[in-house]
There are 2 protein chains.
Amino acid sequence: MSGLIRVLLVDDHPVVRRGLRALVDELPDVEAAGEAADGAEALRLLEDGVRPDVVLMDLQMGDGMHGVEATRRITALPRPPAVLILTTYSTDADILAAVEAGATGYLLKDAPPEELAAAVHAAARGETVLAPPVAARLLGRVRSGGRPALSPRETEILGLLAEGLANRQISRRLFISEATVKTHLVHVYGKLGVDSRTAAVAAGLAAGLIRPV
Amino acid sequence: MSGLIRVLLVDDHPVVRRGLRALVDELPDVEAAGEAADGAEALRLLEDGVRPDVVLMDLQMGDGMHGVEATRRITALPRPPAVLILTTYSTDADILAAVEAGATGYLLKDAPPEELAAAVHAAARGETVLAPPVAARLLGRVRSGGRPALSPRETEILGLLAEGLANRQISRRLFISEATVKTHLVHVYGKLGVDSRTAAVAAGLAAGLIRPV
DNA sequence: CCGGGCGTCAACCGTTCGATTGATTTTCGG
DNA sequence: CCGAAAATCAATCGAACGGTTGACGCCCGG
């Protein structure tokens with residue numbers, strides 16, 4: 001494992017792929033094993049015999065498969081590579097999801113190149129690396145007793161809130177009664193410390209519990 | 001003007017800057033004139049005598065000066081360079097604002113490298129270049145009679161809505177009566193084709209009239 | 001085995017919101 | 001100079017929303 005570290009770059013932006021490749025090629029003991037524009041293409045490459053040590057992957061990818069799903073499938077492969085998530089926002093709703101999906105680490109795109117290099121090396125050694133802002137966020141969530149941790153159902157309803165649906169519409173969408181929707185909402189308001197649906201959407205967005213898109 | 005095209009790269013992500021530099025350096029008649037991590041740094045460079053023909057600038061820049069403001073100030077300089085906006089989303093709330101601020105063109109980060117190269121050349125010749133999705137969006141907005149074009153006040157109120165404020169809070173924030181807030185909201189709902197505040201936030205977000213932050 | 005979180009539902013009540021109508025002032029473009 | 005759009009305010013009314021209380025079954029973990 002002490003030879004060249006082979007890295008597969010996955011990002012839907014050609015510009016970012018080029019930047020990553022430039023940075024990676026600059027490191028003496030690292031080489032790019034390939035590039036993919038989305039999760040599906042990355043999986044195809046892996047199944048076609050490309051064997052990187054580390055996958056550097058963006059979470060937000062416009063059209064193609066989402067990064068979390070791709071991570072899940074990659075780590076489900078036999079002898080999977082380490083998956084390093086590279087994302088734009090530390091407030092992303094999917095940090096936790098990505099970690100649970102088996103991601104080895106989490107980096108921010110505005111990280112300095114040295115940090116990226118260190119992370120790639122660490123990931124190749126099987127270590128977990130979290131960018132400081134990300135780590136702080138995760139810790140904050142754990143330390144606070146997982147307080148802002150909405151239940152799955154509550155998160156689902158918050159998502160529908162963010163689409164602008166009224167209680168009745170939500171109830172029909174989920175095949176539950178309006179009363180139940182209201183109960184969930186009361187819980188959501190309590191956990192988020194707000195007192196209106198619109199404020200809940202704002203807080204949920206800010207806390208990264210739901211994603212804009 | 002037929003010599004080397006000098007390009008100043010402005011983006012808060014080191015990875016993106018590297019990607020842009022790699023792409024730019026690959027073009028025979030283009031060279032990078034410098035890099036900046038935000039609008040303020042770009043302005044400093046320009047005032048310190050860096051004289052690029054084209055400024056390639058991201059709109060979303062975390063901490064520093066926002067791209068629109070930077071564009072405004074750059075185009076206000078004597079003999080200003082062309083400003084090419086490079087952004088992630090075609091749904092950005094600031095497309096129009098950037099154009100009005102004097103941007104020469106608008107590119108998406110997921111554009112293929114050739115498109116970027118063509119845009120830089122066009123910008124250096126003083127031509128306006130809009131990425132097809134961006135152009136379509138602008139046209140759509142103009143063609144539809146500027147329908148979703150909220151008035152400044154309405155946009156402001158929509159922004160406060162998205163922060164989760166109640167009508168009374170908005171009225172106090174803006175030093176107007178609650179009745180006025182409601183009147184504005186009715187207009188907003190009409191223009192967006194919705195019938196609730198939460199739906200208005202969702203629609204405003206989707207239409208890029210307000211930004212998530 | 002039992003407490004507790006989760007998901008479901010109901011009834012009540014006060015408040016906020018959305019819709020409507022109508023009015024005044026300013027500003028801007030034709 | 002006149003009309004249109006924007007911004008301001010008021011009053012009303014029904015519908016939607018938020019808060020509260022109470023209830024039931026499920027399942028997990030101590």
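Only heavy atoms go into these numbers, but all of them, side chains included; no hydrogens, no water, no symmetry mates.
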Closest nucleotide among C:dG7, C:dC17, C:dT20 to the B:Val186 side chain: C:dT20
Protein-nucleotide distance (A:Gln169, atom CD; D:dC17, atom C1'), rounded to Å: 14 Å
B:Thr183 side chain, from C-beta outward: closest of D:dC9, C:dA19, C:dA10: D:dC9
Whether A:Asp12 side chain and A:Asp38 backbone form a donor-acceptor pair below 3.5 Å: no
Check: A:Ser177/A:Thr180 side-chain N/O donor and acceptor closer than 3.5 Å: yes
Distance in angstrom units between A:Arg172 CZ and C:dT8 P, rounded: 17 Å
Short side-chain N/O contact from A:Arg153 to OP1 or OP2 of C:dT8, under 4.0 Å: yes
Among C:dC17, D:dA10, D:dC17, the one nearest B:Ala166 by side-chain distance: C:dC17
Per B:Tyr189 side chain, nearest of listed nucleotides C:dC6, D:dC9, C:dG18: C:dG18
Between P of D:dG19 and CG of A:Leu192, the distance in whole Å: 12 Å
Nearest-nucleotide pick for A:Lys182, side chain only, options being C:dA10, D:dC9, D:dG19: D:dG19
Integer-rounded Å distance: C:dC9 P and A:Phe175 CZ: 12 Å
Nearest listed nucleotide, side chain of B:His184, among D:dA7, D:dC17, D:dC9: D:dA7
Touch class at under 4.0 angstrom, heavy-atom based, for A:His187 against every strand present: nothing
Proximity to the side chain of B:Asp195 - top-ranked nucleotide from D:dA7, C:dG7, C:dA19: C:dA19
Atom-to-atom span, CG of B:Leu185 to C1' of C:dT20 - whole angstrom: 15 Å
N/O (side chain, B:Asn167) to phosphate O (OP1/OP2, C:dT16) under 4.0 Å: no
Pairwise side-chain contact, B:Arg172 with B:Gln169, heavy-atom cut-off 4.5 Å (strictly under): no
Separation of atom CZ in A:Arg197 from atom C1' in D:dA15, rounded to whole Å: 13 Å
Base of D:dC17 paired with side chain of A:Ser196 (donor-acceptor, under 3.5 Å): no
Polar side-chain atom of A:Glu41 near backbone of A:Ala37 as donor-acceptor pair, under 3.5 Å: yes
Whole-Å gap separating P (D:dC17) and CD (A:Glu178): 7 Å
Sugar-phosphate only, base, or nothing, as touched by A:Ser151 at under 4.0 Å among non-hydrogen atoms: sugar-phosphate
Touch class at under 4.0 angstrom, heavy-atom based, for A:Thr180 against every strand present: base
Donor-acceptor contact below 3.5 Å, side chain A:Arg6 vs main chain A:Asp53: no
Over all atoms of both residues, closest heavy-atom pair of A:Val15 and B:Lys109: CG2-O, 4.0 Å
Rounded interatomic separation in angstrom, taking CD1 from A:Ile170 and C1' from C:dC9: 16 Å
